[in-house]
Amino acid sequence: MARGRISNLTSFWKQRETDHKEKQLINPFSEWDGASHRVKLDKTDAEYATPISGSKTAERGHKANELLQKEIRNLIQIMKLIGERCSDGLIRVTFGRLFNYYISISNKLVGILLRARKQGCVDFEGEMLWQGRDDDVVIVLRLQDEFQDEDAEDDDFKE
């Protein structure tokens, strides 16, 4: 019986060793001698700068992206709630008003605004927004209908 356990442990650790060596062969930062046969990285490759599919890194990245999308949907809901709809149909709100309303919800407003702008959801002047200095900067909500179906699921910000 003890021999079976030792045999299982031995095969387990041998497999771990083999897996580690294979990963080191494709690791571009590996200092291991056997890594000289590694694949040359190509920046035009679709897999370049992305985690290995199915890895924990890929899973963490996916969860972080889901959380960020939820934060952006919440930001859009708040902007719809406190913003003013103008004659062109777009919703506008000043940074100061949004900051004062949003501070009780999250301390990440500026970061979320920057990511939302990168995704084309909002627009505002300047590269960064600072409390006090940029209170009068107008933030324009660009995307409204595309998040509408998802808004129905999150009733956290309805009055």
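These values consider heavy atoms only, across backbone and side chains, with no hydrogens, waters or symmetry-generated copies. Everything quoted here is computed from the prediction, not taken from an experiment.
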Enquirer: Looking at side-chain heavy atoms only, is the closest gap between L9 and R5 below 4.5 Å?
Expert: no
Enquirer: Can you measure from CG (L68) to CD1 (I112) and round to the nearest 0.5 angstrom?
Expert: 7.5 Å
Enquirer: Supply the atom-to-atom distance Y102 OH to M79 CE, rounded to the nearest 0.5 angstrom.
Expert: 11.0 Å
Enquirer: In terms of heavy-atom contacts, does CG of D136 have more than 12 from other residues, nucleotides or ligands at under 6.0 Å?
Expert: no
Enquirer: Would you check if the side chain of S55 reaches a backbone N or O of P51 as a donor-acceptor pair within less than 3.5 Å?
Expert: no
Enquirer: Quick one: does I72's side chain get under 4.5 Å of Q119's, heavy atoms only?
Expert: yes
Enquirer: Just by distance, no angles: are the side chains of D19 and Q15 close enough, under 3.5 Å, to form a donor-acceptor pair?
Expert: yes
Enquirer: Within the side chain of D134, is there an N or O that forms a donor-acceptor pair under 3.5 Å with the backbone of Q131?
Expert: no
Enquirer: Could you see if I76 belongs to whatever hydrophobic cluster contains L67? Use Ile, Leu, Val, Met, Phe, Trp, Tyr and a side-chain cutoff under 4.5 Å.
Expert: no
Enquirer: Are R85 and K80 close enough that some pair of their side-chain heavy atoms sits under 4.5 Å apart?
Expert: no
Enquirer: With rounding to the nearest 0.5 Å, note down the distance linking CG in D45 to OG1 in T50.
Expert: 7.5 Å
Enquirer: Step by step, would you call L109 with F99 a side chain to side chain contact (heavy atoms under 4.5 Å, CB included)?
Expert: CA-CA 7 Å; L109 175 62; F99 186 88; 4.0 Å; yes
Enquirer: About how many Å separate OG1 of T10 and CD1 of I6, when rounded to the nearest 0.5 Å?
Expert: 7.0 Å
Enquirer: With the side chain counted from C-beta on, respond yes when L129 and V137 share a heavy-atom pair under 4.5 Å apart, and no when they do not.
Expert: yes
Enquirer: Side chains of K21 and E17, heavy atoms from C-beta outward: is any pair under 4.5 Å?
Expert: yes
Enquirer: So if I apply the side chain to side chain contact (heavy atoms under 4.5 Å, CB included) rule between L75 and each of I139, L141, L113, which one comes out positive?
Expert: L113
Enquirer: I'd like to know if the side chain of R97 pairs up with that of T94 as donor and acceptor (distance under 3.5 Å, no hydrogens or angles considered).
Expert: no
Enquirer: Taking C-beta and beyond as the side chain, do V138 and V93 meet within less than 4.5 Å on heavy atoms?
Expert: no
Enquirer: Can a salt bridge be assigned to the pair E66 and K70 using a cut-off of 4.0 Å between side-chain N and carboxylate O?
Expert: no
Enquirer: Tell me, do V140 and I91 make a side-chain contact under 4.5 Å, heavy atoms counted?
Expert: no
Enquirer: Determine all donor-acceptor pairs shorter than 3.5 Å in which one atom belongs to a side chain in residues 120-127; sequence neighbours excluded.
Expert:
from: D123; atom 1: OD2; to: R142; atom 2: NH2; distance (Å): 3.4

Enquirer: Less than 4.5 Å apart, any side-chain heavy atom of F95 and any of V110?
Expert: yes
